[in-house]
Amino acid sequence: MFPATLCSVQLPPSFPKLTQQHKNFQTDSLTTHLVSNFNCPFELKQVHAHFIKTKTPLSTLTLSRVAMVCSSSPAFDYAHKMFRHVDNQEIVLWNSCLRSFAEGNSPIEAFRLLRRIRLVDLFPDTFTCSFAIKACSKLLALAEGRVIHALVEKLGFKSDLFLLNTIVHMYASCGAMEDACCLFTRMVERDVVTWNIMITQFTKLGDMGTARDLFDEMPMRSVRSWTAMIAGYVQCGKPKEATRLFIEMEEAGVEPNEVFHEMEERSVVSWSAMIGGLAIHGQAEEALRLFKRMSKIGIRPNGVTIIGLLLACSHMGLIDEGRKYFASMTKDYGIIPQIEHYGCMVDLLSRTGLLEEAHEFIKNMPIKPNSVVWGALLGGCKVHKNVKLGEEAIKHLQELDPLNDGYYVVLSNIYAEAGRWEDAARVRRLMRERGVKKTPGWSTMAVNGVVHEFVAGDGSHPNAQEIYEKWEELLHKLKAKGYVPNTSVVLLDMDENEKENVLYRHSEKLAVVFGLISTSPGTPLRIMKNLRVCEDCHAALKLISEISGRQIVLRDRNRFHSFMNGICSCKDYW
DNA sequence: GTCCCTACTT
């Protein structure tokens, strides 16, 4: 809130006017101080008064900073009246505020500012609308987006291509694909960005068919078009198609329709997407090979490229390579490691079982470790059964991310595996006390364009009876192949029979069985899971791929698993 | 001064 003085002051009818006529003006030290320290809206009037008194030209103040500081009401009104006299491009100042809000952490503030702009006699331009729509995209505020779209039409900006692209993107990112498509179809003029937006959205929906049709149809392609398609194939578990397209992109070269420097910038993204994609598909060697090729043709990696490399090493346990890349990022490429890089390194060390080293690494990091970093250590403690360090990690996680159920579950699991049932129960009690609930596991699978959802233990699927019957049949075959249910992954304190039943109702098993009975033989099955696949399901899926002769692609929270002929692409390291 | 792509852990 503002102090009453600022709120209640009535501006004089003739608002003090300052122009830029003082050419040889020398600022005194107080003015310099006021200018360089202006960061409080309460002070605007005082500063303004001082400027009038000392005949300081208002342009001495950085007006964009004033706008930023005073963008909230009621300082807004005062700043607006002040700007009116000094800057005939006042809207630009507010636009840059809108932009900061829309792109930063306060898109709601962008809406408030837009309302203030509309309330005074200021005319929004295409930029104003563009930033306001961007705020809608960020907040997934479809209703507000529609209002601003209407405003765009009303103000007569409806043929502005930049603006229309922003609106198409807003509709698409808010999930209103019909509106996005409708606008796309109606647009008289489209550029490569328009097409890229549509392609990207379809790839995000997993509809690679439509995305590909658009990609083939578009009159010209930019690096981003290729990147969107490649990333799309990676995300939906088709690394082969991604690689094929990547090679095609290299062979085709890219049309010079973006400034050269920018093109080079962008192509780092394609390479990084491809490297990261190969990494989460467990093709570490391929990812590292690609990186060598990229370096050879002179494309410099950025921070994201390095994350891809570290991920690749992490998913395959390539400890020495990981260390090497982490060291070289600063030494050879001048990239300062961010928290994400530290997260990858802790993950790499922890997974490999170098838990003490990982702990030391965390203690010596120059930036404050976040929950991801401690979570990575905790994950390693689970795999390598280290109760002591697990407890250390959870101590920090309770402070950093107390409501995240995943960490408690892992710790409880660590205790359970060590046979410390009382401690495991204590963790579960703690969760109850704090109101933290375990996220139920669910899997989804699309069959003939319909997305089927399976929740662990759930019997609500229309084909539940059939699924369970098929599972019983499959179970015999699995056991004949040597499958032994791994009940240790069931955290609940119950007898072995009950545990087995819980295990047999895991969502990914239900999904796979449903896939087997509802698709023709040989069809690959694609499943998404919200959590990480459990060890038992992983073992079962390997065998099912062998028995059924099907490829099963499972995208879990962490990475892709591609099961084929009894083997998983993660090589059981995950 | 504007629009679209890549990214850590559980």
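Per chain, numbering begins at 1; letters A, B, ... match sequence-line order.
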Do [X] and [Y] sit within salt-bridge range, that is, some charged N less than 4.0 Å from a carboxylate O?
{"X": "A:Arg428", "Y": "A:Glu433", "value": "no"}
{"X": "A:Arg293", "Y": "A:Glu250", "value": "yes"}
{"X": "A:Glu286", "Y": "A:Arg289", "value": "yes"}
{"X": "A:Glu153", "Y": "A:Arg146", "value": "no"}

Taking any heavy-atom pair under 4.0 Å as a contact, classify [X]: base, sugar-phosphate, or nothing.
{"X": "A:Lys382", "result": "nothing"}
{"X": "A:Thr166", "result": "sugar-phosphate"}
{"X": "A:Leu311", "result": "sugar-phosphate"}
{"X": "A:Asn95", "result": "base"}
{"X": "A:Arg557", "result": "base"}
{"X": "A:Phe131", "result": "sugar-phosphate"}
{"X": "A:Asn530", "result": "nothing"}

Respond yes when some side-chain nitrogen or oxygen of [X] is under 4.0 Å from OP1 or OP2 of [N], and no when none is.
{"X": "A:Gln235", "N": "B:dA7", "value": "yes"}
{"X": "A:Arg532", "N": "B:dT10", "value": "yes"}
{"X": "A:Asn165", "N": "B:dT2", "value": "no"}
{"X": "A:His169", "N": "B:dC3", "value": "no"}

N/O donor-acceptor pair under 3.5 Å between A:Glu285 side chain and A:Gln283 backbone |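 Such a contact is absent between A:Glu285 side chain and A:Gln283 backbone.
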Kindly confirm whether the side-chain ring of A:Phe162 is stacked on the base of B:dT2, judged by centres under 5.5 Å and planes under 30°.
->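 A:Phe162 ring centre within cut-off of B:dT2 base, planes near parallel; stacks.
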From [atom1] of [X] over to [atom2] of [N], roughly how many Å is that when rounded to an integer?
{"X": "A:Leu290", "N": "B:dT6", "atom1": "CG", "atom2": "P", "value": "17 Å"}
{"X": "A:Phe101", "N": "B:dT2", "atom1": "CZ", "atom2": "P", "value": "18 Å"}
{"X": "A:Ile362", "N": "B:dT9", "atom1": "CD1", "atom2": "P", "value": "14 Å"}
{"X": "A:Leu164", "N": "B:dT2", "atom1": "CG", "atom2": "C1'", "value": "13 Å"}
{"X": "A:Ile299", "N": "B:dC5", "atom1": "CD1", "atom2": "P", "value": "20 Å"}
{"X": "A:Phe246", "N": "B:dT6", "atom1": "CZ", "atom2": "P", "value": "16 Å"}
{"X": "A:Asp401", "N": "B:dC8", "atom1": "CG", "atom2": "C1'", "value": "14 Å"}
{"X": "A:Ile199", "N": "B:dT6", "atom1": "CD1", "atom2": "P", "value": "14 Å"}

I want to verify a distance call: between [options], whose nearest atom is closest to the [X] side chain?
{"X": "A:Val372", "options": "B:dT10, B:dT9, B:dC3", "result": "B:dT9"}
{"X": "A:Ala273", "options": "B:dT9, B:dT6, B:dT2", "result": "B:dT6"}
{"X": "A:Phe127", "options": "B:dC3, B:dT6, B:dG1", "result": "B:dG1"}
{"X": "A:Arg224", "options": "B:dG1, B:dT9, B:dC5", "result": "B:dC5"}
{"X": "A:Cys344", "options": "B:dG1, B:dT10, B:dC8", "result": "B:dC8"}
{"X": "A:Glu340", "options": "B:dC5, B:dT2, B:dA7", "result": "B:dA7"}
{"X": "A:Lys204", "options": "B:dA7, B:dT6, B:dT9", "result": "B:dT6"}

So, A:Phe326 versus A:Phe361, ring centres under 6.0 angstrom or not?
->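 They qualify: ring centres under 6.0 Å apart.
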Please indicate whether A:Met329 has more than 12 foreign heavy atoms, meaning atoms of other residues, nucleotides or ligands, lying under 6.0 Å from its CE.
-> yes
